[in-house]
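Read the structure below first, then the notes.
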Amino acid sequence: MTTPKKLYIKTYGCQMNVYDSERMVEALGGKGYVETKSPDDADMILLNTCHIREKAAEKVYSELGRYKDLKAENPDLKIGVAGCVAQAEGEEIIRRQPMVDLVVGPQSYHRLPAMEDAVRNGTKALDTDFPDDDKFDTLKKRAKAKRGPTAFLTVQEGCDKFCAFCVVPYTRGAEVSRPADRVIREAQELVECGVREITLLGQNVNAYNGHENGLAGLIWALDKVDGLERIRFTTSHPNDMDDALIEAHGTCDKLMPYLHLPVQAGSDRILKAMNRKHTAEAYIRLIEKIRAARPDLLLSGDFIVGFPGETDADFEDTMALIREVHYGQAYSFKYSTRPGTPAAEKPQLPDDVMDARLQSLQALLREQQTHTLDSMVGKEVSVLFEKSGREAGQMIGKSEYLHAVFAEADPSVQGEIRRVRIISANPNSLGGILV
Ligand code: SAH
Ligand code: SF4
Ligand code: F3S
């Protein structure tokens, strides 16, 4: 038997990259690779990268710099860049960092095994096509190994929305949905490996059209998969929240009461300049409708401060929207100029203005998050236990609202859903006791 080669893969960016990294490990498994947790003993290092903000993209080059010595010690070490930076910068990466052997875009990683052959023969390999063949069809069936109780499953890729600030339509290409029967089969396979909760992923997951009834149709089909207990999906666009999906939040027991629905800004002028194609008012009405279907739903969002042209009054509109909606948790970012996007042409705001706005926005969001966590104390939730906690005798899992919950419990609860009474709230988690 040949000794397995070792693959070290480091993942940046969104959950779709997490899913893609798993599939890349599986694809290279066919070439005799096993995953290693350290770059030091690796035969191949792959960086699965993110291009969404400048900081994320620049991280790649500093990380590559750290591998110089490794490469000098071991000339057989191959280094690859995958993901959205690979797609956006292509050959430029090899020009800037000649030690890179392989560059593969997010739509081409099913071609990794052939690319691996090429780099072993000493040539550089570059593939940033948007190929016609479906990478998910070409990829091997998923590995049958026992796995943890939660999993991501990509059902939709790409984006046709072209928000003025965003690189995703360029790095991931046009919207494509996987056929429902394939998604259901993959879900069944995951359940056979021990998975109880699946998060359906897509850059615009609610634009999913691989089922005749859209994402709601897919969710109802997955509702029938025995052994699958929980369904989540992310990320959604407000304009694609159709009535069937809203209704599913009220009627599908397996669909968890958590929704990530980014709005980005609360000023109509800025929303228009961002090309979001809806008003603040329309978003607020939509939230009301969703909450009418599922009153206890925990709402999450994304915000950008300092979009070009944002005035103090525009920013105050965002703060007002946040106060009106009340988020259980949210992500917020300083606007970052991305090459090739329409907003990159516009004059940028001074950094100190953006910093100050981000601070007040995050303070407000933190207040709402704390309030939400505090309001859970005394309530009973269902927790899907995933692993042992930091302290002895403690297990940790997620509630239906995606809160991390710690409880004193036996390791045997791993993979099980138990009722837990919440007794304490921490800044980012909850403590509870089994009931
Ligand atoms: N498809 C999703 C999110 C994709 S990117 C959606 O439509 O909401 C994740 C988040 O990154 C975005 O929601 C946005 O808040 C943030 N983001 C994207 N481009 C950015 C940029 N140029 N500068 C700062 N934040 C950005
Ligand atoms: Fe980017 Fe907008 Fe598409 Fe989301 S909807 S991925 S923010 S372009
Ligand atoms: Fe980043 Fe690409 Fe995801 S740019 S956020 S890794 S789609």
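In each ligand, atom 1 is the first atom listed, and ligand 1 is the first ligand listed.
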- Whether Gln368 side chain and Tyr327 backbone form a donor-acceptor pair below 3.5 Å: yes
- Polar contact flag for Tyr335 and ligand 1 (N/O pairs, less than 3.5 Å): no
- Task: Evaluate the ring planes of His326 and His371, with Trp represented by its six-membered ring, and classify them as parallel (under 30°), tilted (30 to 60°) or perpendicular (over 60°).
- Result: perpendicular
- Closer than 4.0 angstrom: is that true for some heavy atom of Ile304 and an atom of ligand 1? yes
- Item | Modelled atom types, side-chain donor and acceptor of Gln264 and Tyr335, under 3.5 Å | no
- Message: Just to be sure I'm reading this right: ignoring hydrogens, which of Arg172, Met354, Gln264, Arg276 gets closest to atom 14 (C) of ligand 1? Compare them by their nearest heavy atoms.
- Response: Gln264
- Query: Parallel, tilted or perpendicular: which describes the rings of His403 and Tyr401, with under 30° parallel and over 60° perpendicular?
  - Reply: tilted
- Message: Can you tell me which portion of Phe165 lies within the under-4.0 Å heavy-atom range of ligand 2? Options are side chain, backbone, both, or neither.
- Response: side chain
- shortest atom 25 (N) of ligand 1-to-protein heavy-atom contact is with Arg53 NH1, 3.3 Å
- Message: Under 4.0 Å from atom 21 (C) of ligand 1, is there at least one protein heavy atom?
- Response: yes
- May I ask you to identify, for Asn204, whether its side chain, its backbone, both or neither come under 4.0 Å of ligand 2 on a heavy-atom basis? side chain
- Query: Given that the side chain starts at C-beta and the backbone is N, CA, C, O, which of these parts of Lys334 lies under 4.0 Å from ligand 1, counting heavy atoms, or is it both or neither?
  - Reply: backbone
- Protein contact of atom 3 (Fe) of ligand 3 - nearest heavy atom, named by residue and atom, plus distance: Cys14 SG, 2.3 Å
- Message: To check your reading of the model: name the closest protein heavy atom to atom 5 (S) of ligand 1, its residue, and the distance in Å.
- Response: Ile52 CD1, 3.5 Å
- Message: Any N/O/S atom, side chain or main chain, of Cys84 closer to atom 2 (Fe) of ligand 3 than 2.8 Å?
- Response: yes
- Message: When you compare ligand 1 with Pro262, is there at least one nitrogen or oxygen pair between them that comes in under 3.5 angstrom?
- Response: no
- Item | Region of Met16 that comes within reach of ligand 3 [heavy atoms, distance under 4.0 Å] | neither
- Query: Is it true that Thr235 lies under 4.0 Å from ligand 1, counting heavy atoms only?
  - Reply: yes
- Using a heavy-atom cut-off of under 4.0 Å, does the side chain or the backbone of Phe165 touch ligand 1, or both, or neither? both
- Using a strict 4.0 Å cut-off to heavy atoms of Arg276, name the atoms of ligand 2 that fall inside it. 2 (Fe), 7 (S)
- Task: Would you mind checking which non-hydrogen protein atom is closest to atom 2 (Fe) of ligand 2, with the distance to 0.1 Å?
- Result: Cys163 SG, 2.3 Å
- Item | Taking atom 3 (Fe) of ligand 2 as the reference point, the nearest protein heavy atom with its distance | Cys159 SG, 2.2 Å
- Any N/O of Asp302 closer than 3.5 Å to an N/O of ligand 1? yes
- Query: When you measure from the side chain of Arg178 to the backbone N and O of Thr154, does any donor-acceptor pair fall under 3.5 Å?
  - Reply: yes
- The protein heavy atom nearest to atom 1 (Fe) of ligand 2 is Cys166 SG, 2.3 Å
- Message: Go through it in stages, so that I can follow the logic: the residues are Asn48 and Asp20, the test is side chain to side chain contact (heavy atoms under 4.5 Å, CB included), and I'd like the CA-CA distance, side-chain angles, deciding distance and then a yes or no.
- Response: CA-CA 8 Å; Asn48 193 10; Asp20 286 350; 3.9 Å; yes
- Message: Once you restrict to heavy atoms under 4.0 Å, what part of Gln203 touches ligand 1? Side chain, backbone, both or neither.
- Response: backbone
